[in-house]
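Following: one structure in structure tokens, then a few remarks.
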Protein chains: 2
Amino acid sequence: MFSKACEYGIRATVQIALQSEKGLRIGLKEISNAIDSPEPFTAKILQQLAKNDIIISSKGPTGGYEMSSNQLSTIMLSDIVKTLDCDLIYTGCGLGLATCDAKNPCVLHFQFDDIREQLKKMLENTSVQQLAKSRESGDTLLRL
Amino acid sequence: MFSKACEYGIRATVQIALQSEKGLRIGLKEISNAIDSPEPFTAKILQQLAKNDIIISSKGPTGGYEMSSNQLSTIMLSDIVKTLDCDLIYTGCGLGLATCDAKNPCVLHFQFDDIREQLKKMLENTSVQQLAKSRESGDTLLRL
DNA sequence: ATAATAAAAGATAATTTTGTCCTATATTTA
DNA sequence: TAAATATAGGACAAAATTATCTTTTATTAT
């Protein structure tokens, strides 16, 4: 469904959010350790996320990644997915046709569009902060 | 969402269904011509579909691909997707974790599962024949 | 200022997916 | 039975994705 880049991107961001809520920065090594992802690949993804103002990066000693309180309260999964351009979920035709829309639909267009709308909604309504919170609290500890 | 193999697989099968309803076989060349797909790659996909009894292939002159009336009335998109193993839609965790289920869920498990169930249902309830029919008839000609 | 640290950036490598080519095999028709 | 035709199958190639490595740049603390 999502690309690896997207999966790591979401998981890394939630991990950063978790630390940011405690007022802490977190370094690359710690992140890829926490979410069990390849360190250099994760670095590339974090760079993209930082460029797109989803997270903040700081260089030097005590440097690392964090999210501002504004970012914590506004960043949705859809922002990450769009930034990392995962699988063209937001645009492409289900059957891979170059052009496909309601006026010129493929045989699967309407069925597919239905699913996509729901996926979109889910991503737009799910915040990183919410995921971070659900990780910490609750009956069962949700995994990352 | 789907892999290229899966996209071609679905489109090719609908094309075969269209011909089979007229009692005709259709050759590889005609198929990849009709759906604008790379011929040898399409051949590989059709082999897999034939092995899994989704379509019937015949060699020699007048050979080609067709669907039995039984196949026409029973094959669902889910059968094609499962056979071509497209993107592990039916199994994997949305965040890529090796194990993730209701008892040991990732932070996105329940939101993701919701979408996946709907996608599953859509694929299980959409028949190839139905897509073929929607291609032929209706106000707007649906594309393949 | 200098040394240490951590991210940025660019080059490179491995893997997977997608796509191609060639030979073999089966089937039909003459 | 022989020739023609069309799929099957295996080896091979290209492209995209995933992953790694090395050098550079910025920042902090001494």
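Worth saying up front: this structure is predicted, and the values here are computed from it rather than measured. Proteins come first, then strands; the chains are lettered A, B, ... in the order of their sequence lines, and each starts at number 1.
- For R116(B) and D113(B), the salt-bridge test passes: some basic side-chain N is under 4.0 Å from an acidic carboxylate O.
- Between the C1' atom of dT5(D) and the NZ atom of K29(B) lies a distance of 10 Å, rounded to the nearest Å.
- With rounding to the nearest 0.5 angstrom, the OG1 atom of T13(B) is 10.5 Å from the CD atom of Q15(B).
- R25(B) has its CZ atom 17 Å from the P atom of dT5(D), to the nearest Å.
- Between R11(B) atom CZ and dT18(C) atom P the separation is 14 Å, expressed in whole Å.
- Position along DNA chain C of the nearest nucleotide to I26(A) versus K4(B) favours I26(A) as the more 5'-ward residue.
- Ionic pairing of K121(A) and E124(A) is not present here: no N-O contact between side-chain nitrogen and carboxylate oxygen is shorter than 4.0 angstrom.
- By the 4.5 Å heavy-atom criterion applied to side chains, K29(B) and N33(B) are not counted as neighbours.
- The number of heavy-atom neighbours closer than 6.0 Å to CG of D36(B), taken from other residues, nucleotides and ligands shown, is 12 or below.
- A 4.5 Å side-chain heavy-atom check between M76(B) and T126(B) finds every atom pair outside the cut-off.
- Nucleotide dA6(D) holds its P atom 16 Å from the CD1 atom of I16(B), rounded to whole Å.
- Annotation: proximity of residues 33-63 of chain A to DNA chain D (heavy atom, distance under 4.0 Å) is found for P38(A), P40(A), F41(A), K44(A), K59(A), G60(A), P61(A), T62(A), numbered in ascending order.
- When the side-chain nitrogen and oxygen atoms of Y65(A) are compared with OP1 and OP2 of dA6(C), none of them lie within a distance under 4.0 Å.
- Counting to the nearest Å, the P atom of dA6(C) and the CD1 atom of I31(A) are 13 Å from each other.
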